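Positions are given from 1, in the same order as the sequence printed here. All of these numbers come straight from a predicted model, not from anything done at the bench. Reckoned from all heavy atoms, side chains included, excluding hydrogens, waters and symmetry mates.
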Amino acid sequence: MREVIFIKQNKEKWLEYEQAIFGKIKKEPDYLASMYIQLMNDLSYSQTYYPKSKITAYLNYLAVQTYQNIYKTKRTDTNQLVHFYKTEVPLIVYQYKNYLIFSTLLFLILVGIGMLSSHYDESFVRLILGDHYVNTTLENIRKGDPMAIYQSGSNWGSFIAITFNNLSVGLRFFVYGIFAGLGTLIYLFHNAIMLGTFQYLFIQEGQFTSSFQGIWLHGAMEIFSMVIEAFAGFILGASILFPKTFSRMESFKTGFKNGFKIYIATVPFTIFAGFIEGFITRYSQSMPDILNYIIIFGTFTLIFYYFVIYPKKVYKKIHI
């Protein structure tokens with residue numbers, strides 16, 4: 001069957017499903033279940049004969065939204081918070097996985113630009129980080145304690161201040177997406193360039209290992225969270241720029257809701273990263289190297305698995 005005929009035969013049905021998903025009238029669980037089966041049949045057909053078509057992506061989107069609505073209307077004893085992290089967020093992440101790829105690649109490119117700019121322009125580091133910070137860091141390196149800046153303040157005071165600051169930064173990544181994604185892009189540019197410059201300062205001074213053990217002890221989770229928060233902002237921005245078959249307002253509401261859920265999902269990771277920075281990073285130079293690397297790669301693996309590997313597993317599980 002030609003794609004145009006397939007669309008023509010099913011268009012009215014799909015529009016009715018859209019109303020069932022996003023309309024004001026509540027539908028019974030049995031109706032949603034039947035609708036989900038029909039959508040999965042159409043999606044399977046479309047994936048077989050039109051794998052790269054926009055209609056396949058559209059049907060996949062409707063199927064995911066229907067599945068989420070079934071869980072909302074279905075009476076269950078499952079803890080809602082558990083369901084949120086175990087099923088709802090992974091499905092949203094998988095649904096928008098291309099935006100996550102975009103956010104990650106853009107972040108890596110911008111960090112690389114920060115490092116290259118620092119390499120070829122000696123004044124760039126001071127321009128980005130400021131004279132006071134650079135002078136203080138260089139003085140700490142000369143004293144043999146390059147990570148001394150993380151030892152200031154009390155454990156609890158540092159943990160609370162750092163965590164609230166990082167939560168605020170993450171919220172900005174998301175909220176700035178309301179400017180059609182441009183605000184998130186500019187904010188990501190600023191933070192990624194700063195990170196690249198900051199890391200290169202230590203490389204330039206021959207302190208890469210010390211900086212890796214100090215910065216990335218908490219940064220493995222904190223910085224990956226930043227990429228995810230930018231991802232949430234780009235979802236919000238894309239909902240305004242690309243409403244697809246929905247009204248721009250309906251698309252915006254969906255994009256805001258899904259992007260905010262992803263931001264909320266990063267909160268535990270941000271808090272954990274703040275705890276590490278407040279209580280553990282200050283001892284990075286004195287702790288055994290093996291323990292240091294276990295924390296770095298362990299925390300990175302945890303957040304990478306949850307936002308990259310696990311969503312695909314959840315998606316495959318419900319589409320068997």
Student: Partners of Glu250 by side-chain hydrogen bond (donor to acceptor under 3.5 Å, both in side chains), sequence neighbours excluded?
Tutor: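 None.
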Student: Tabulate below the donor-acceptor pairs under 3.5 Å that side-chain atoms of residues 97-110 make, not counting sequence neighbours, or state none.
Tutor:
unit_1: Ser103; atom_1: OG; unit_2: Val227; atom_2: O; d: 2.9
unit_1: Thr104; atom_1: OG1; unit_2: Leu100; atom_2: O; d: 2.9

Student: Considering only distance and modelled atom types, tabulate donor-acceptor pairs under 3.5 Å from the side chains of residues 271-280, sequence neighbours left out.
Tutor:
none

Student: Quick check on the hydrophobic clustering: are Tyr283 and Ile294 connected, directly or via other members, by side-chain heavy-atom contacts under 4.5 Å?
Tutor: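 In one cluster with Tyr283: Ile294, no.
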Student: Same cluster or not: Phe269 versus Leu81, using hydrophobic residues (I, L, V, M, F, W, Y) connected whenever any side-chain heavy atoms lie under 4.5 Å apart?
Tutor: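 Hydrophobic grouping puts Phe269 with Leu81.
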Student: Just say parallel, tilted or perpendicular for the rings of Tyr306 and Tyr85, cut-offs at 30° and 60°.
Tutor: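 Correct class here is tilted.
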Student: Mind checking the CG-CG spacing from Leu217 to Leu291? Nearest 0.5 Å is all I need.
Tutor: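 With rounding to 0.5 Å, CG (Leu217) is 8.0 Å from CG (Leu291).
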Student: For Gln204, enumerate each residue passing the side-chain hydrogen bond (donor to acceptor under 3.5 Å, both in side chains) test, keeping only those at least two apart in sequence or located in another chain.
Tutor: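 Once residues adjacent in sequence are excluded, Gln204 has no partner under the side-chain hydrogen bond (donor to acceptor under 3.5 Å, both in side chains) criterion.
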Student: What pair of heavy atoms forms the shortest contact from Gly259 to Ile235, and how long is it?
Tutor: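 Residues Gly259 and Ile235, closest heavy atoms: N-CG2, 4.3 Å.
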Student: Counting only N and O atoms by type, is there a donor-acceptor contact under 3.5 Å from the side chain of Ser284 to the main-chain atoms of Thr281?
Tutor: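 Yes: the side chain of Ser284 pairs with the backbone of Thr281.
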Student: Atom CD1 of Ile113 and atom OG1 of Thr197: how far apart are they, to the nearest 0.5 Å?
Tutor: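 One gets 10.5 Å once the value is rounded to the nearest 0.5 Å.
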Student: With ring centroids as reference points, do Phe6 and Tyr49 lie under 6.0 angstrom apart?
Tutor: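 That pair fails the under 6.0 Å test.
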Student: Distance from Phe212 atom CZ to Thr209 atom OG1, nearest 0.5 Å?
Tutor: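 So the CZ of Phe212 and the OG1 of Thr209 are separated by 9.0 Å.
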Student: Check Met115 against Gly196 and note the closest heavy-atom contact, atom names and distance.
Tutor: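 Looking at all heavy atoms of both residues, the shortest contact is CG-O, 3.2 Å.
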Student: If the condition is side-chain hydrogen bond (donor to acceptor under 3.5 Å, both in side chains), which residues does Thr137 pass it with, not counting sequence neighbours?
Tutor: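 None.
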Student: Return the CD1 to CG distance between Ile215 and Leu195, rounded to the nearest 0.5 Å.
Tutor: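 These two atoms lie 7.5 Å from each other.
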Student: What's the shortest heavy-atom distance between Val93 and Pro311, and which atoms?
Tutor: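 Residues Val93 and Pro311, closest heavy atoms: CG1-CG, 3.8 Å.
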Student: Specify the closest pair of heavy atoms between Ser158 and Arg282, including all atoms of both residues, with the distance to one decimal.
Tutor: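 Residues Ser158 and Arg282, closest heavy atoms: OG-NH2, 3.3 Å.
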Student: More than 12 heavy atoms of other residues, nucleotides or ligands under 6.0 Å from CE of Met287: yes or no?
Tutor: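 Yes, CE of Met287 has more than 12 neighbouring heavy atoms, counting only those of other groups under 6.0 Å.
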Student: Can you list everything that forms a salt bridge (charged side-chain N to carboxylate O under 4.0 Å, His left out) with Lys11? Sequence neighbours excluded, please.
Tutor: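 Partners of Lys11 by the salt bridge (charged side-chain N to carboxylate O under 4.0 Å, His left out) criterion come out as none, since no residue qualifies.
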Student: Whether the side chain of Tyr315 engages the backbone of Gln95 through a donor-acceptor N/O pair (distance < 3.5 Å, no angle test) should be reported.
Tutor: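 Here the side-chain-to-backbone pair does not exist.
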Student: For the OH atom of Tyr61 and the NZ atom of Lys54, what is their distance to the nearest 0.5 Å?
Tutor: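 Here the rounded value is 16.0 Å.
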Student: Might you point out which heavy atoms bring Ser251 and Ser239 nearest each other, and give the distance in Å?
Tutor: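 Smallest heavy-atom distance, with atoms named: OG-O, 2.6 Å.
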Student: Between Trp14 and Tyr58, is there a side-chain heavy-atom distance shorter than 4.5 Å?
Tutor: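 SC-SC contact between Tyr58 and Trp14 confirmed.
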Student: Keeping the roles fixed (side chain from Asn60, backbone from Thr56), state whether a donor-acceptor pair exists under 3.5 Å.
Tutor: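 Side chain of Asn60 to backbone of Thr56, a donor-acceptor pair under 3.5 Å: no, none is there.
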Student: Ile186 and Phe179: side-chain contact (heavy atoms from CB on, under 4.5 Å), yes or no, with the steps?
Tutor: CA-CA 11 Å; Ile186 294 172; Phe179 301 106; over 6 Å; no
Student: Above 12 or not: heavy atoms from other molecules or residues under 6.0 Å from CZ of Phe164?
Tutor: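 Incorrect, the count does not exceed 12.
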Student: I'd like a table of donor-acceptor pairs (distance under 3.5 Å, sequence neighbours excluded) in which one partner is a side-chain atom from residues 295-305, with atom names and distances.
Tutor:
unit_1: Thr299; atom_1: OG1; unit_2: Ile295; atom_2: O; d: 2.7
unit_1: Thr299; atom_1: OG1; unit_2: Ile296; atom_2: O; d: 3.0
unit_1: Thr301; atom_1: OG1; unit_2: Phe297; atom_2: O; d: 2.6

Student: Applying salt bridge (charged side-chain N to carboxylate O under 4.0 Å, His left out), name anything that partners Arg2, two or more places apart in sequence or on another chain.
Tutor: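 Checked Arg2 against salt bridge (charged side-chain N to carboxylate O under 4.0 Å, His left out); zero matches.
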Student: Donor-acceptor pairs under 3.5 angstrom involving side-chain atoms of residues 165-178: please list them, not counting sequence neighbours.
Tutor:
unit_1: Asn166; atom_1: ND2; unit_2: Ile162; atom_2: O; d: 3.4
unit_1: Asn166; atom_1: ND2; unit_2: Glu222; atom_2: OE1; d: 3.2
unit_1: Ser168; atom_1: OG; unit_2: Arg172; atom_2: NH2; d: 3.3
unit_1: Arg172; atom_1: NH1; unit_2: Tyr187; atom_2: OH; d: 3.3

Student: List for me each residue that meets salt bridge (charged side-chain N to carboxylate O under 4.0 Å, His left out) alongside Arg126, sequence neighbours excluded, and say none if there are none.
Tutor: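 Applying salt bridge (charged side-chain N to carboxylate O under 4.0 Å, His left out) to Arg126 gives Asp131.
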Student: Among all residues two or more places apart in sequence or in another chain, which pass the side-chain hydrogen bond (donor to acceptor under 3.5 Å, both in side chains) test with Tyr293?
Tutor: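 Result, side-chain hydrogen bond (donor to acceptor under 3.5 Å, both in side chains) vs Tyr293: Gln213.
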Student: Between Trp216 and Gln199, does a side-chain contact (heavy atoms from CB on, under 4.5 Å) hold up when you go through it step by step?
Tutor: CA-CA 10 Å; Trp216 293 94; Gln199 182 64 81; 2.9 Å; yes
Student: Give a yes or no on whether Phe189 atom CZ has more than 12 heavy-atom contacts from other residues, nucleotides or ligands under 6.0 Å away.
Tutor: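 No.
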Student: Looking at every non-hydrogen atom in both residues, tell me the closest pair between Lys261 and Val89 and how far apart they are.
Tutor: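 Heavy atoms of Lys261 and Val89 come nearest at O-CG2, 4.1 Å.
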Student: With a 6.0 Å cut-off on ring centres, are Tyr96 and Phe234 close enough?
Tutor: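 Centroid distance Tyr96-Phe234: not below 6.0 Å, so no.
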Student: Among all residues two or more places apart in sequence or in another chain, which pass the salt bridge (charged side-chain N to carboxylate O under 4.0 Å, His left out) test with Glu205?
Tutor: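 With sequence neighbours excluded, Glu205 shows a salt bridge (charged side-chain N to carboxylate O under 4.0 Å, His left out) to no residue whatsoever.
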Student: Judged by atom type as modelled, is there a donor-acceptor pair below 3.5 Å linking the side chain of Thr266 to the main-chain atoms of Tyr263?
Tutor: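 Yes, because the side chain of Thr266 sits within donor-acceptor range (under 3.5 Å) of the backbone of Tyr263.
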Student: Are Phe231 and Phe307 close enough, and set up right, to give a side-chain contact (heavy atoms from CB on, under 4.5 Å), and what steps lead you there?
Tutor: CA-CA 11 Å; Phe231 161 49; Phe307 284 104; 5.7 Å; no
Student: Spell out, yes or no, whether Leu43 and Leu15 are grouped together once hydrophobic residues are joined by side-chain heavy atoms under 4.5 Å, including indirect joins.
Tutor: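 No: no chain of side-chain contacts under 4.5 Å links Leu43 to Leu15.
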Student: So, taking the atom named OG in Ser211 and the one named CD1 in Ile203, what distance separates them when rounded to the nearest 0.5 Å?
Tutor: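 Ser211 atom OG to Ile203 atom CD1 measures 6.5 Å (nearest 0.5 Å).
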Student: For Glu16, is there an ion pair with Lys13 - N to carboxylate O distance below 4.0 angstrom?
Tutor: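 Answer for the salt bridge query: no.
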Student: Between Phe198 and Val125, is a side-chain contact (heavy atoms from CB on, under 4.5 Å) present by the stated rule, with each step listed?
Tutor: CA-CA 7 Å; Phe198 178 71; Val125 174; over 6 Å; no
Student: Applying the 4.5 Å side-chain criterion to the ILVMFWY set and letting contacts propagate, would Val111 and Tyr120 be lumped into a single cluster?
Tutor: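 Val111 does not cluster with Tyr120.
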